[in-house]
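Letters A, B, ... mirror the listed sequences (proteins, then strands); counts begin at 1.
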Amino acid sequence: MPGQVEDAQKTHYCGKLNPGHVNKTVKLTGWVGKRRDHGGLIFIDLRDRSGQVQLVFDQQQGTDLFQSAESLRSEYVIAVRGEILRRSRETINPSLPTGEIEVRVNSMDILNTSNTPPFYIEDNINVDENLRLRYRYLDLRRPEMLRRLELRHRAVKLIRDYMDRYDFLEVETPVLTRSTPEGARDFLVPSRMQGGEFYALPQSPQLFKQLLMVSGIERYFQIVRCFRDEDLRADRQPEFTQVDIETSFFSAENLFALTEGLVAELWKQIHGREVKRPFIKMPYREAMNRYGTDKPDLRYGMELVDLDEQARQSEFKVFKTALENGGAVKGLRLPEGSRLSRKDLDDLTLLARQMGAKGLAWAYVEEEGWRSPISKFFTEPQQKEISTKMKAEPGDVLLFVADRWTISCTVLGHMRTKFAPGNLPDEPHFLWVVDFPLFHYNEEEQRYDSDHHPFTAPRPEDMALLDSDPLSVRAQAYDLVLDGVEIGGGSMRIHDSTTQAKIFNLLGLSEEESKEKFGFLLDALSYGAPPHGGIALGLDRLTALLCGDESIRQVIPFPKTATASCLMTGAPAVVSEKQLEELRIKLEQEKEDK
RNA sequence: GGAGCUGUGGUGUAGAUGGUUAACAUAUCGGCCUGUCAAGCCGAAGAUCGCGGGUUCAAGUCCCGUCAGCUCCGCCA
């Protein structure tokens, strides 16, 4: 056994035993799995972290040992000493790695008993996730969950080794820091020393890693926990882990190469799969136009079709006014969509409205032409032209959205993923989405917001547009996308205080405000800050993809539920009056006393 | 903040149109059994159907509310 300590209670891992160990005397420890009691002969599956092996207890060996074997139950913890025997040909279990051998037990210690577990400690169980989360320590005991933890460990180790090889330093940054405007909602931590003031948990170590560049670290990375107080999704937890990277004197191309190398090595070492490099690069605008999302899944086609020209020539007012207002008309072909009922299409329309569209138009494509509420607005040749442009065949359904460009794209992009083909190719489809806009307009606040974050550098050739047309300024920002999942993102940063101050100004931060919130950054930039930039990869998503999991909860040992609570510990929970007093916090009275 | 789905012995499920002993599998407990590996056979115990209210002679089943989990929209620089 590797890493064995002296006097260890075990000499081998259960799952590692093989015919090479035959006739050896071994000491094993583990948990009792399945028990097959034949009266005078008892089989026990002994399981430890590595796998399992069959123990045999024979009544003829003596009654004491046999009696205690009869008392064994599921999940008892035992230590045994015994001899490895080769199984007779008929009793070999080919479906088990250790199926050619078994352990004839000579002595046994029962180290602990166990209550009957609430679910089976085995793979492929079908239980409420609720229950798994409440008893997460038992859930993690299941081999498939242990394997996920192992894989995650290997991934992290590989990342550290890779970064080290390229001279990167892992540097820690504070978890208690200050709240900054913009971005996600912060988790706040009240200060006892400064009553009434709060720390924030970092949404990412963004500012610190830039300051480390000013410090002359040149190549920084950190595997770091980040916190965002926003609503959860299958791929979003309130605390998550980033592989955070920042470099000085690196071009974006240098950074792409570094990241691609890292990701390729992960896929090779852990997945045994060669990844084609360099990855495809696609401008944001193109991704939106063709796939209706900034994280397109390139494993299948079903591209959106631009119908501005056809809409302009039609008599359909809805389409025409959308265009007149500067919007776009987009179409999506659903192959064999005729299996969708009117009700299905109504549901889609509802979804489109929820996503901000004014509506969703559709047409069943038939031999004779369209069957659609909007067919009367299009002449037969016009219908034909659209059908041809969308490569439609009888039996398809066509979806149309005419709205603001982003809405038209994102609504159909969402429909595209909803109706994605079932069997997608195995090879991972990586791509860089580049040339994101620097700003978007925040309708609610009536101002510009950073699309990425306020420290992102504009593309040099777009600098002049900062004054005339901020929304058309492109950022030196990029996202790494894999099969429709955003697994990372970053940018080249602003490294002079003048430009940085200008961006703050455009974001509606007054000089005093930006001094107050970011003065330390502006100061730092004025002391010889090197050109720098970086990226952050989502380790949970990366690991989930490597494991083939849909939800990152599967690769997080102790995840939170959709309402951000922990079913095991009961967090969050009320605290004592005394704790609150120390923090000078008063809770609002419940409005309705019960 | 909104929408949808789910919630029945320990676990996973079944319980059309409301009808009175809530079914099945598995786990659990007891008995038998020396080659099983989803062990087998016999027997026992175990759920008032998430919670609250309502309709009804009668509710697991219908209605309203509520809680929890999941998925999605908004949100997530």
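The aromatic ring of A/His38 sits over the base of B/rA39, with ring centres less than 5.5 Å apart and planes inclined by under 30°.
Contacts of A/Arg104 classified as side-chain hydrogen bond (donor to acceptor under 3.5 Å, both in side chains), with partners at least two apart in sequence or in another chain: none. For A/Phe400, the ring pair (Phe, Tyr, Trp, His ring centres under 6.0 Å) criterion is met by A/Trp370, not counting sequence neighbours. Contacts of A/Lys418 classified as side-chain hydrogen bond (donor to acceptor under 3.5 Å, both in side chains), with partners at least two apart in sequence or in another chain: none. For A/His495, there are no ring pair (Phe, Tyr, Trp, His ring centres under 6.0 Å) partners, not counting sequence neighbours. For A/Asp186, the side-chain hydrogen bond (donor to acceptor under 3.5 Å, both in side chains) criterion is met by A/Ser179, A/Gln203, not counting sequence neighbours.
Few gaps surround CZ on A/Phe198; more than 12 heavy atoms of other groups in view lie less than 6.0 Å from it. Heavy-atom contacts from other residues, nucleotides or ligands closer than 6.0 Å to CZ of A/Arg459 number more than 12.
Taking the six-membered ring for Trp and the full ring otherwise, the centers of A/Tyr448 and A/Tyr441 sit less than 6.0 Å from each other.
Separation of the P atoms belonging to B/rG60 and B/rA47 is 16 Å when rounded to the nearest angstrom. The C1' atoms of B/rG7 and B/rG12 are separated by 13 Å, rounded to the nearest whole Å. Annotation: B/rU66 and B/rC24 have their C1' atoms spaced 32 Å apart (nearest Å).
With both pairing distances under 3.5 Å, B/rC75 is matched to nothing as a Watson-Crick or G-U wobble pair.
Nearest-nucleotide assignment on RNA chain B puts the 5′-proximal partner with A/Val56, out of A/Val56 and A/Asn130.
Using a 4.0 Å heavy-atom cutoff across all strands shown, A/Arg47 reaches no nucleic acid atom at all. Using a 4.0 Å heavy-atom distance criterion, A/Ser450 is classed as a sugar-phosphate-only contact.
The interatomic distance linking A/Phe43 (CZ) with B/rU36 (P) rounds to 7 Å, in whole Å. If you measure from atom CG of A/Asn124 to atom P of B/rA38, you get 13 Å, rounded to the nearest angstrom. As a whole-Å value, the separation of A/Arg104 CZ from B/rU34 P is 15 Å. One atom, CD1 of A/Ile125, and another, C1' of B/rA38, lie 16 Å apart when rounded to the nearest Å.
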Considering only distance and modelled atom types, tabulate donor-acceptor pairs under 3.5 Å from the side chains of residues 59-69 of chain A, sequence neighbours left out.
unit_1: A/Gln61; atom_1: OE1; unit_2: A/Asp58; atom_2: N; d: 3.1
unit_1: A/Gln61; atom_1: NE2; unit_2: A/Val105; atom_2: O; d: 3.1
unit_1: A/Ser68; atom_1: OG; unit_2: A/Leu65; atom_2: O; d: 3.1

Can I get a per-line list of side-chain donor-acceptor pairs under 3.5 Å for residues 237-245 of chain A, giving both atom names and the distance, sequence neighbours left out?
unit_1: A/Gln237; atom_1: OE1; unit_2: A/Lys560; atom_2: N; d: 2.8
unit_1: A/Gln237; atom_1: NE2; unit_2: A/Lys560; atom_2: O; d: 2.9
unit_1: A/Glu239; atom_1: OE1; unit_2: A/Arg225; atom_2: NH1; d: 2.7
unit_1: A/Glu239; atom_1: OE2; unit_2: A/Lys560; atom_2: NZ; d: 3.2
unit_1: A/Thr241; atom_1: OG1; unit_2: A/Arg152; atom_2: NH2; d: 3.4
unit_1: A/Thr241; atom_1: OG1; unit_2: A/Arg225; atom_2: NE; d: 3.3
unit_1: A/Asp244; atom_1: OD1; unit_2: A/Lys209; atom_2: NZ; d: 2.7
unit_1: A/Asp244; atom_1: OD2; unit_2: A/Tyr220; atom_2: OH; d: 2.9

Output a table of donor-acceptor pairs, distance under 3.5 Å, between side-chain atoms of residues 482-490 of chain A and any protein atom two or more places apart or on a different chain; print 'none' if there are none.
unit_1: A/Asp483; atom_1: OD1; unit_2: A/His429; atom_2: N; d: 2.9

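Side chains of A/Thr543 and A/Asp540: a donor-acceptor N/O pair is absent below 3.5 angstrom, by distance only. A donor-acceptor contact closer than 3.5 angstrom is absent between the side chains of A/Asp549 and A/Ser551. Side chains of A/Thr410 and A/Thr406: no donor on one and acceptor on the other come within 3.5 Å.
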> How does protein reach along nucleotides 7-15 of chain B, written 5' to 3' as B (base within reach of a heavy atom under 4.0 Å), S (only sugar-phosphate), or - (no contact)?
Replying inline: ---BSSS--
> Tell me, for nucleotides 45-51 of chain B in 5' to 3' order, what letter each nucleotide earns: B for a base near a protein heavy atom under 4.0 Å, S for only sugar-phosphate near one, - for neither?
Replying inline: -------
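Syn is the classification of B/rA16, since its glycosidic angle stays within 90° of 0.
Side-chain nitrogen and oxygen atoms of A/Arg36 include at least one within less than 4.0 Å of the OP1 or OP2 phosphate oxygen of B/rA39.
For RNA chain B, the residues of residues 201-210 of chain A within the heavy-atom distance limit of 4.0 Å (strictly under) are A/Ser204, sorted by number.
Checking B/rC29, B/rC76, B/rG35 against every side-chain atom of A/Arg35, the shortest atom distance belongs to B/rC29.
At least one cation-pi condition fails for A/Arg474 and A/Tyr284: the charged atom is not both under 6.0 angstrom from the six-membered ring centre and inside a 45 degree cone around its axis.
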Between protein and nucleotides 70-74 of chain B, what N or O pairs are separated by less than 3.5 Å?
unit_1: B/rC70; atom_1: OP1; unit_2: A/Ala562; atom_2: N; d: 3.4
unit_1: B/rC70; atom_1: OP2; unit_2: A/Ala562; atom_2: N; d: 2.6
unit_1: B/rC70; atom_1: O3'; unit_2: A/Arg553; atom_2: NH2; d: 3.1
unit_1: B/rU71; atom_1: OP1; unit_2: A/Arg553; atom_2: NH1; d: 3.3
unit_1: B/rU71; atom_1: OP1; unit_2: A/Arg553; atom_2: NH2; d: 3.0
unit_1: B/rU71; atom_1: OP2; unit_2: A/Arg553; atom_2: NH1; d: 3.3
unit_1: B/rC72; atom_1: OP2; unit_2: A/Ala234; atom_2: N; d: 3.4
unit_1: B/rC73; atom_1: OP2; unit_2: A/Arg233; atom_2: NE; d: 3.1
unit_1: B/rC73; atom_1: O2'; unit_2: A/Gln354; atom_2: O; d: 3.1
unit_1: B/rG74; atom_1: N7; unit_2: A/Arg233; atom_2: NH2; d: 2.8
unit_1: B/rG74; atom_1: O6; unit_2: A/Arg233; atom_2: NH1; d: 3.0
unit_1: B/rG74; atom_1: O6; unit_2: A/Arg233; atom_2: NH2; d: 3.1
unit_1: B/rG74; atom_1: N1; unit_2: A/Asp231; atom_2: OD2; d: 2.7
unit_1: B/rG74; atom_1: N2; unit_2: A/Asp231; atom_2: OD2; d: 3.3

